[in-house]
Amino acid sequence: TFIPQVALLSDLGGKYVLTVNSKGIVSTKRVRIGYTFESMVTIKKGLNPGDMVITQGIQKVRPGMKVKAVVAPDSLGSTTTVDSPKAVEN
């Protein structure tokens with residue numbers, strides 16, 4: 001699975017991404033990364049098909065916050081395997 005590098009975050013616990021569930025609630029998912037290609041990074045472990053990863057507005061959201069997710073095309077011109085929504089506060 002490829003995601004934009006801007007969606008990849010890190011802290012003392014390692015790498016993670018912010019995701020949005022079907023109810024619009026933000027949560028964190030720990031991930032293991034693989035290789036990078038241009039502005040994309042492969043996720044080897046931690047995401048499931050259909051997970052919606054926040055790629056824009058990351059600095060405005062926190063886990064537990066309710067957001068409106070908008071699915072955006074990836075930089076390769078199609079939708080990524082893991083949907084890449086933009087988070088907007090309600």
Side-chain angles (χ1 to χ4, degrees):
T1 302
F2 282 95
I3 65 167
Q5 284 185 354
V6 297
L8 187 63
L9 305 168
S10 62
D11 61 14
L12 293 175
K15 305 285 187 194
Y16 67 97
V17 295
L18 295 174
T19 61
V20 180
N21 68 18
S22 62
K23 295 181 180 181
I25 305 299
V26 176
S27 64
T28 61
K29 283 204 170 185
R30 295 284 168 183
V31 295
R32 179 176 294 158
I33 63 169
Y35 61 91
T36 59
F37 178 74
E38 295 182 5
S39 63
M40 305 295 281
V41 62
T42 58
I43 302 298
K44 295 173 81 174
K45 186 176 179 182
L47 291 178
N48 300 310
D51 282 347
M52 294 191 295
V53 175
I54 299 174
T55 60
Q56 295 180 14
I58 293 170
Q59 68 280 5
K60 298 178 183 178
V61 299
R62 298 287 177 263
M65 182 181 279
K66 185 170 176 86
V67 297
K68 179 180 177 186
V70 178
V71 177
D74 67 22
S75 63
L76 300 176
S78 61
T79 303
T80 57
T81 303
V82 176
D83 295 332
S84 302
K86 176 169 60 173
V88 180
E89 265 186 89
N90 281 337

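Side-chain atoms are counted along with the backbone in the values below, which use heavy atoms only and exclude waters and symmetry mates. Positions are given from 1 along the sequence.
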Rounded to the nearest 0.5 Å, what's the gap from [atom1] on [X] to [atom2] on [Y]? Could you check?
X	Y	atom1	atom2	result
Ser27	Tyr16	OG	OH	12.0 Å
Thr1	Met40	OG1	CE	10.0 Å
Asn21	Met52	CG	CE	7.0 Å
Gln59	Leu9	CD	CG	10.0 Å
Ile43	Asn48	CD1	CG	12.0 Å

Minimum heavy-atom distance between [X] and [Y], given as atom pair plus value:
X	Y	result
Val17	Ala7	CG1-O, 3.6 Å
Leu8	Lys15	CD1-CB, 4.0 Å
Thr28	Pro63	CG2-CG, 3.6 Å
Lys44	Gly34	CD-CA, 3.4 Å

Compare all side-chain heavy atoms of Val26 with those of Ile54 and state whether any distance is below 4.5 angstrom. yes

Does Val20 reach the side chain of Ile25, with side-chain heavy atoms less than 4.5 Å apart? no

Tell me, with the steps shown, if Val53 and Leu47 meet side chain to side chain contact (heavy atoms under 4.5 Å, CB included). CA-CA 9 Å; Val53 175; Leu47 291 178; 3.9 Å; yes

Residues which pass side-chain hydrogen bond (donor to acceptor under 3.5 Å, both in side chains) with Thr42, listed by chain and number, not counting sequence neighbours: none

side-chain hydrogen bond (donor to acceptor under 3.5 Å, both in side chains) with Arg30: which residues, sequence neighbours excluded? Asp11

Residue pairs passing the salt bridge (Lys or Arg N to Asp or Glu O under 4.0 Å) test where at least one lies in residues 17-27, sequence neighbours excluded: none

All side-chain contact (heavy atoms from CB on, under 4.5 Å) counterparts of Thr36, not counting sequence neighbours: Gln5, Val41

Listed partners of Lys29 passing salt bridge (charged side-chain N to carboxylate O under 4.0 Å, His left out), at least two apart: Asp51

